[in-house]
Amino acid sequence: MDQRDYINLEQQYGAHNYKPLDVVLTRGEGVWVWDVDGKRYMDCLSAYSAVNQGHCHPKILAAMIEQAQKLTLTSRAFRNDQLGLFYRELCELTNSHKVLPMNSGAEAVETVIKAVRKWGYRAKGIAEGRAEIIVCENNFHGRTITIVGFSTDPTSREGFGPFTPGFKIIPFGDAEALENAIGPNTVGFLVEPIQGEAGVVIPPAGYLKKVREICTRHNIVLILDEIQTGLGRTGKLLAEEHEGIEADLTLVGKALSGGFYPVSAVLSNSEVLGLLRPGEHGSTFGGNPLACAIARTAIRVLTEENLIENASRMGSYFLEGLKNIKNPKIKEVRGKGLLLAVEFYPEAGGARSYCERLMQNGLLCKETHDNIIRFAPPLVIDEHQVDWALERIEPVLCS
Ligand SMILES: *Cc1c(COP(=O)(O)O)cnc(C)c1O
């Protein structure tokens with residue numbers, strides 16, 4: 001079978017809910033992936049930041065194999081000898097008090113919505129059915145009905161209603177808008193520290209600090225969705241650290257397993273998770289021993305191998321290189337750590353065709369909207385590899 005045959009199978013038998021680049025990958029190691037013809041590419045997407053630790057990290061792989069040979073799933077009807085250790089290690093790493101483990105990122109978002117609503121009724125005394133959560137324009141929090149219901153992207157929403165009520169949408173990066181939107185039934189504010197899917201949109205300096213202060217003053221819960229920005233991607237363990245704040249609830253996923261398995265979690269610094277009672281929430285696979293063993297090693301690799309520090313240094317170096325690219329069609333080059341983006345003027349468009357040409361040159365990345373390219377390689381990337389990437393990016397983006 002050649003690339004075309006694999007692509008044809010996907011076209012014929014699969015739902016067409018994605019428009020991938022026409023590259024069929026079969027193997028990965030560190031920052032590199034190989035297609036079925038043996039051609040090598042540098043991965044500058046990292047599965048939307050799920051493989052921060054690099055493809056097929058040997059230590060995570062070993063932990064997965066070892067645990068898979070012992071015990072994979074008990075359900076939460078029984079306890080297992082990995083869960084408690086996973087809780088403690090994740091809490092110690094992130095300075096949290098409590099953890100609720102799930103699988104996909106969207107499930108962590110759904111979980112936090114349930115937990116915060118319950119807190120509103122039980123702790124804040126809001127009338128049943130009235131709790132309100134504030135979210136931001138151009139957010140991305142996942143794909144379930146409730147979540148796309150408060151998306152402002154027409155493609156994500158249209159044709160999927162009716163939606164879950166109880167959400168109010170305000171502009172991103174505008175602390176005053178938050179203050180004005182808070183009412184007597186507001187329970188929480190859900191926001192990404194940097195909007196990844198919207199095109200690596202970085203809010204004004206001081207935004208999160210103000211948001212923290214406003215949430216505290218009005219007794220509403222600050223929920224940071226760090227599923228993409230967390231676990232080292234922006235050069236800090238959590239992006240909230242750039243502004244020296246702590247959210248009440250933090251969502252992590254993606255790199256929590258280093259790309260081996262879907263593992264997500266709600267981290268809590270407040271009383272919110274403590275309010276949940278048996279039977280009120282759950283997941284058959286959430287907190288299973290295989291997931292816990294993988295995640296324990298995935299977070300250990302982040303710190304043991306200094307990947308967070310490396311993301312900060314390589315991110316600055318990569319950003320500087322991108323900023324040196326001269327093309328009048330480029331509107332802005334921006335980023336934090338290894339979450340970087342090049343934005344073209346909207347009328348120039350063409351981000352997809354740049355990505356296709358970069359693929360020909362051995363570098364994989366993906367457009368977000370028609371005019372933005374995100375560069376987010378695994379955090380194991382070294383200086384030599386950043387140079388290698390820039391040598392390929394520059395001629396393409398200048399053409
Ligand atoms: C990817 C992502 C999600 C959803 O995660 P899934 O595992 O795809 O459900 C939620 N929030 C943010 C910020 C993300 O980047």
Side-chain angles (χ1 to χ4, degrees), residues 15 17-18 20 44-52 100-116 133 135-153 155-157 160 167 169 172-173 188-203 208 222-234 236-240 242 247 249-267 283 285-287 291 294-295 298 335-341 365-369 372 374-376 378-379:
N17 55 325
Y18 277 92
C44 280
L45 182 67
S46 308
Y48 302 96
S49 297
V51 287
N52 284 359
L100 199 162
M102 296 295 284
N103 311 285
S104 71
E107 284 175 305
V109 176
E110 290 273 346
T111 300
V112 93
I113 291 168
K114 287 175 70 176
V116 164
I133 295 170
V135 298
C136 287
E137 285 171 1
N138 302 317
N139 67 68
F140 182 85
H141 298 289
R143 298 294 197 166
T144 63
I145 286 292
T146 291
I147 296 170
V148 300
F150 57 79
S151 167
T152 56
D153 170 20
T155 313
S156 300
R157 273 176 64 90
F160 297 122
F167 299 92
I169 301 170
F172 179 65
F189 177 47
L190 168 63
V191 64
E192 300 154 84
I194 294 172
Q195 289 187 325
E197 294 313 296
V200 189
V201 180
I202 303 171
L208 289 180
L222 174 58
I223 311 153
L224 287 184
D225 181 345
E226 296 240 26
I227 292 168
Q228 187 160 157
T229 55
L231 304 177
R233 173 54 58 187
T234 70
K236 301 274 189 194
L237 177 71
L238 296 172
E240 66 175 16
H242 290 291
L249 291 158
T250 302
L251 309 176
V252 288
K254 293 199 166 113
L256 188 51
S257 70
F260 279 83
Y261 197 84
V263 188
S264 67
V266 178
L267 308 174
S283 160
F285 278 82
I294 291 169
K336 238 185 195 137
L338 280 168
L339 187 58
L340 304 159
C365 56
K366 191 68 168 55
E367 79 279 7
T368 150
H369 303 288
I372 303 172
R374 171 177 30 197
F375 295 100
L379 312 186

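Both counts, for ligands and for their atoms, begin at 1 and track the order of listing.
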Tell me, please, which residues at least two apart from Glu107 pass salt bridge (Lys or Arg N to Asp or Glu O under 4.0 Å).
none

With a cut-off of 3.5 Å and sequence neighbours excluded, list every side-chain donor-acceptor pair involving residues 253-266.
from, atom 1, to, atom 2, distance (Å)
Ser257, OG, Gly259, N, 3.2
Ser257, OG, Phe260, N, 3.4
Ser257, OG, Tyr261, N, 3.4
Ser257, OG, Tyr261, O, 2.5
Tyr261, OH, Asn288, ND2, 3.3
Ser264, OG, Asn103, N, 3.3
Ser264, OG, Asn103, O, 3.4
Ser264, OG, Ser104, O, 2.7

With sequence neighbours excluded, tell me which residues meet salt bridge (Lys or Arg N to Asp or Glu O under 4.0 Å) with Glu367.
Arg352

Between the side chains of Glu197 and Arg374, is the shortest nitrogen-to-carboxylate-oxygen separation below 4.0 Å, so that they form an ion pair?
yes

Could you tell me whether the side chain of Leu224 reaches within less than 4.5 Å of the side chain of Leu208, counting heavy atoms only?
yes

Give the protein residues with at least one non-hydrogen atom closer than 4.0 Å to an atom of ligand 1, ordered by chain and number.
Ser104, Gly105, Ala106, Phe140, His141, Gly142, Glu192, Asp225, Ile227, Gln228, Lys254

Do Gln228 and Leu339 have side-chain heavy atoms sitting under 4.5 Å apart?
yes

